[in-house]
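Below, chain A is the first sequence line, B the second, and so on; all start at residue 1. The structure displayed is predicted, hence computed values, not measured ones. Values below: all heavy atoms of this structure, side chains included; hydrogens, waters and symmetry mates excluded.
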Number of protein chains: 4
Amino acid sequence: MATEKAIRHAIVEQDNDERAAAGRPRSEPARKAILDATRKLLMHTPLLQISIESIARKAGVGKTTIYRWWPNKSSVAMEAFLEQPGLQHINPTTATAAEAIERLLENLIRQLRGHNGRIVAGIIAESQSDETVLDLLYEKFLKERVETLYSLIERGQKEGDFAINMDADIAIDMLLGPLFLRVLSGEHGISQDFAEKFPKQALMALKA
Amino acid sequence: MATEKAIRHAIVEQDNDERAAAGRPRSEPARKAILDATRKLLMHTPLLQISIESIARKAGVGKTTIYRWWPNKSSVAMEAFLEQPGLQHINPTTATAAEAIERLLENLIRQLRGHNGRIVAGIIAESQSDETVLDLLYEKFLKERVETLYSLIERGQKEGDFAINMDADIAIDMLLGPLFLRVLSGEHGISQDFAEKFPKQALMALKA
Amino acid sequence: MATEKAIRHAIVEQDNDERAAAGRPRSEPARKAILDATRKLLMHTPLLQISIESIARKAGVGKTTIYRWWPNKSSVAMEAFLEQPGLQHINPTTATAAEAIERLLENLIRQLRGHNGRIVAGIIAESQSDETVLDLLYEKFLKERVETLYSLIERGQKEGDFAINMDADIAIDMLLGPLFLRVLSGEHGISQDFAEKFPKQALMALKA
Amino acid sequence: MATEKAIRHAIVEQDNDERAAAGRPRSEPARKAILDATRKLLMHTPLLQISIESIARKAGVGKTTIYRWWPNKSSVAMEAFLEQPGLQHINPTTATAAEAIERLLENLIRQLRGHNGRIVAGIIAESQSDETVLDLLYEKFLKERVETLYSLIERGQKEGDFAINMDADIAIDMLLGPLFLRVLSGEHGISQDFAEKFPKQALMALKA
DNA sequence: AGGTAACCGAGACGGTACGTCACGTCTTTAC
DNA sequence: GTAAAGACGTGACGTACCGTCTCGGTTACCT
């Protein structure tokens with residue numbers, strides 16, 4: 001059923017080129033109020049302790065309006081998270097694959113520090129009882145970055161910069177794993193020290 | 001209060017050499033029933049969806065008995081998890097630091113595949129709203145392994161096997177991060193392919 | 001506002017001799033669909049459990065169309081009930097007042113057995129939180145019968161058939177009370193046995 | 001399920017002679033608070049418009065505590081109604097059956113005037129979608145009175161005071177029907193005028 | 001013929017209440 | 001003092017309807 005709603009949602013999002021559907025159209029103010037309220041709550045409360053009711057209350061919105069458009073609170077949190085400015089993936093264009101990966105990691109670290117880290121951690125936590133949430137997080141946030149990393153690693157290998165006997169999937173895990181480990185490790189997430197040292201050290205590990 | 005109980009618990013566990021406290025002693029059958037029931041529930045249900053009530057029901061035990069000895073369900077799950085055979089840390093004694101790390105990783109992977117991975121993932125998820133749980137997981141399960149890795153990395157660096165300009169903390173993250181990433185990534189956790197390739201590839205990354 | 005709508009409704013019904021109002025006229029098919037759907041739902045569901053939404057759904061009609069013409073579901077149910085054939089009051093013309101009353105009661109019993117009884121019971125029940133509904137039921141269904149009974153009782157008293165020291169209002173209650181008591185008593189409403197015996201026995205009670 | 005709870009309730013009520021059941025006993029203050037709150041709400045609100053939540057709120061009690069002991073709000077209302085002083089049935093002992101019936105009716109009228117009438121009307125209304133409620137009302141309130149009337153009518157017939165060709169069931173309906181009709185007729189229920197005249201006139205109807 | 005007014009279906013909206021579940025605490029009897 | 005049992009106040013769940021609203025579209029009368 002979660003899937004059903006997610007699909008409906010996706011369809012509604014996409015068929016804006018066709019003529020408007022019958023009935024009163026979705027309220028944009030309500031949508032914004034919900035996502036704003038969610039973002040504000042996520043500032044100082046772990047997702048697990050946030051309830052749909054508290055979001056509805058804070059947004060001045062009926063519970064049903066939330067349930068009509070999102071299957072669960074993780075999805076709301078995810079949309080609130082993804083809608084922020086500065087979260088789009090930018091494909092780094094640099095001379096070498098190594099440099100591009102370094103930029104990508106720096107960028108990702110910047111995006112996952114502070115509140116955002118807490119939010120992502122909350123979503124991952126919640127996903128442990130609902131796989132579709134995790135899939136959505138991958139699809140909407142990670143996929144582009146992973147695919148970019150994949151091609152960069154291949155390029156680096158072809159150009160002789162990176163070890164040739166290296167599984168790309170595992171290499172990607174070694175680039176992203178430490179990040180998420182820190183994000184999930186509570187307290188203050190990614191430290192300044194880690195943010196500075198990790199991209200360079202990760203690259204070293206890929207070198208031939 | 002969680003902390004208070006955890007401490008009481010620790011004391012109770014350790015003062016078995018002192019004279020017995022007054023009153024009826026703790027019921028060992030009840031303790032076992034609780035942990036058994038928890039393990040069975042964890043086989044096919046994510047921790048998030050398990051309730052203290054369901055554990056009590058399944059164990060044929062009063063809720064109070066659980067609350068008396070554990071501060072929350074994550075702690076129960078953790079004790080159920082740690083009490084299994086084959087989970088102790090074994091300090092690998094081999095010729096080289098590299099080989100020792102490889103053994104340690106292989107061992108850890110073996111311990112985190114299947115159900116155990118789901119349990120650990122559940123505990124990490126739950127920890128997002130309660131830091132003490134994460135601390136306990138580190139203390140009881142990860143600490144020894146991390147410390148061993150730490151000294152092995154230092155030894156490898158001294159012996160010239162590992163890169164000298166490498167932050168040990170980050171290196172450890174690169175060894176453990178991919179593991180936990182897989183464990184948390186749902187579905188079937190650590191794949192056979194990953195299990196075989198990762199330890200070797202991780203070591204490559206440390207090499208000078 | 002309920003009153004307002006009821007009044008508007010009444011006007012609309014009656015001013016068919018005046019020139020038609022501007023704008024699209026009321027849709028007769030929609031009106032019929034609503035009343036039909038209501039009747040069908042009332043066959044196997046108590047009024048209390050029927051919702052405006054379920055009527056609209058079943059009738060293939062917008063909720064607004066119902067709210068535009070009826071103030072609440074009891075009014076819809078009542079119109080659905082009253083629109084049936086065989087429910088009009090027929091003033092019995094017989095030699096004696098006693099016989100006329102007997103005919104009237106027999107007729108009323110016939111009209112209130114089966115589904116109709118359940119519907120009336122539902123309307124009375126609903127009326128406990130909205131007096132206007134009860135008023136409407138009296139006005140549209142009971143009034144004529146009560147007035148007829150009133151004059152028949154007076155006639156019977158004048159002709160010496162009925163006790164002279166008898167309050168007519170109370171006498172009417174004794175004629176109608178048992179009927180509605182049975183109708184409201186659930187299960188199967190008015191039994192065959194009651195239907196046969198009551199009119200005669202009620203008359204006995206009026207005799208001088 | 002309603003039945004299940006009602007049965008449980010009944011059992012709990014009756015086995016007070018056996019030894020106390022395990023577990024924390026039912027809270028008498030909570031029970032009283034619930035019934036008091038219900039009575040107060042019924043003073044100025046029809047039962048249909050009262051919600052379990054409003055009762056719980058007013059009583060300072062959890063919703064579950066109500067659901068634990070009563071299957072629906074009608075049952076709560078009924079117990080609140082029946083627990084009042086002066087509602088017990090008193091078997092009138094007088095010289096003649098006629099006088100006894102007159103006393104019984106006077107007593108019943110007294111018990112059903114004012115608020116109590118509204119409450120009973122609300123219960124009957126609610127019962128239209130749940131037969132068990134009506135059964136309970138009969139069992140706990142009406143049964144004794146009906147049985148007493150039954151034997152009084154028989155006695156009156158034997159003694160030659162009442163018409164012999166009279167169905168006792170229907171006679172009882174003619175005694176009680178008008179009462180309930182008035183109670184259900186909204187506004188102010190049983191009028192002073194009715195209260196004074198009805199018992200005598202009803203008796204006249206039974207006379208031979 | 002075009003304008004306009006009221007209708008129609010669809011369905012989103014802010015609400016209220018539902019009946020259930022689990023929480024963590026408490027109060028009882030029994031061991 | 002611990003244990004099982006189970007009631008307690010609390011609060012969130014996800015659902016059903018409420019009565020209102022806002023759309024695009026329709027249908028009749030009135031210029």
J.: Nearest to the side chain of A:Glu53, which nucleotide is it out of E:dT25, F:dC8, F:dA12?
T.: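 The answer is F:dA12.
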
J.: With no hydrogens and no angle check, do the side chains of D:Thr132 and D:Asp135 hold a donor and an acceptor under 3.5 Å apart?
T.: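 Side chains of D:Thr132 and D:Asp135: no pair found under 3.5 Å.
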
J.: Reading DNA chain E from 5' onward, which residue's closest nucleotide shows up sooner: C:Val61 or D:Ser54?
T.: C:Val61

J.: So which one's nearest nucleotide on DNA chain F is more toward 5', D:Gly62 or B:Gly62?
T.: B:Gly62

J.: What is the distance, to the nearest angstrom, from the CG atom on B:Leu41 to the P atom on E:dA22?
T.: 11 Å

J.: How close or far is atom P of E:dG19 from atom CH2 of D:Trp70, stated in whole angstroms?
T.: 15 Å

J.: Can you find a donor-acceptor pair, distance only, under 3.5 Å between C:Thr64 side chain and F:dG19 base?
T.: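 There is none.
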
J.: Want to settle it: does D:Ser27 or C:Ser51 sit nearer the 5' end of DNA chain F, counting the closest nucleotide to each?
T.: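 Final value for this comparison: D:Ser27.
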
J.: Can you list the steps and then say if A:Arg31 with A:Glu79 is a salt bridge (Lys or Arg N to Asp or Glu O under 4.0 Å)?
T.: CA-CA 11 Å; A:Arg31 185 182 154 279; A:Glu79 190 159 333; 3.5 Å; yes

J.: Looking only at the side chain of D:Trp69 (C-beta and beyond, no hydrogens), which of the listed nucleotides E:dG9, E:dA22, F:dC8 gets closest?
T.: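 Closest of the options to the side chain of D:Trp69: F:dC8.
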
J.: Roughly how many Å is it from CZ in B:Arg31 to P in F:dA4, rounded to a whole number?
T.: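 One finds 14 Å between P of F:dA4 and CZ of B:Arg31, rounded.
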
J.: In whole Å, what is the span from the OH atom of A:Tyr67 to the C1' atom of E:dT16?
T.: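 One finds 15 Å between C1' of E:dT16 and OH of A:Tyr67, rounded.
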
J.: What is the distance from CD1 of B:Ile50 to P of E:dA22, rounded to the nearest Å?
T.: 12 Å

J.: Less than 4.0 angstrom between a side-chain N/O of D:Thr65 and OP1 or OP2 of F:dG9, yes or no?
T.: yes

J.: Nearest-Å distance, CD (B:Glu28) to C1' (F:dA3)?
T.: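 Whole-Å distance recorded here is 14 Å.
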
J.: Under the 3.5 angstrom rule, does the side chain of A:Lys63 hit a backbone N or O of A:Ile52 as a donor-acceptor pair?
T.: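 No, A:Lys63 side chain to A:Ile52 backbone: no donor-acceptor pair under 3.5 Å.
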
J.: Would you say A:Arg68 reaches E:dC13's phosphate, i.e. side-chain N/O to OP1/OP2 under 4.0 Å?
T.: yes

J.: Any donor-acceptor pair, under 3.5 Å, between the side chain of A:Arg24 and the base of F:dC21, if you only look at N and O atoms?
T.: yes

J.: CD1 of C:Ile66 versus P of E:dA10: gap in Å, rounded?
T.: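 About 12 Å, once rounded to whole Å.
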
J.: Taking 4.0 Å as the cut-off, does a side-chain nitrogen or oxygen of A:Arg57 come that near to OP1 or OP2 on F:dA12?
T.: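 Checking F:dA12 against A:Arg57, a side-chain N or O does come within under 4.0 Å of OP1 or OP2.
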
J.: Measuring from C:Thr38:OG1 to C:Glu83:CD, what's the distance to the nearest 0.5 Å?
T.: 10.0 Å

J.: What's the CD1-P distance between D:Ile55 and E:dA17, to the nearest Å?
T.: 12 Å

J.: Hey, does the side-chain of A:Lys63 have a donor or acceptor N/O within less than 3.5 Å of a partner on the base of F:dG14?
T.: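 Counting by modelled atom types and ignoring angles, a donor-acceptor contact under 3.5 Å is found here.
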
J.: Want to settle it: does B:Ile52 or D:Gln49 sit nearer the 5' end of DNA chain E, counting the closest nucleotide to each?
T.: D:Gln49

J.: Enter the distance from A:Arg39:CZ to A:Lys32:NZ here, rounded to the nearest 0.5 Å.
T.: 10.0 Å

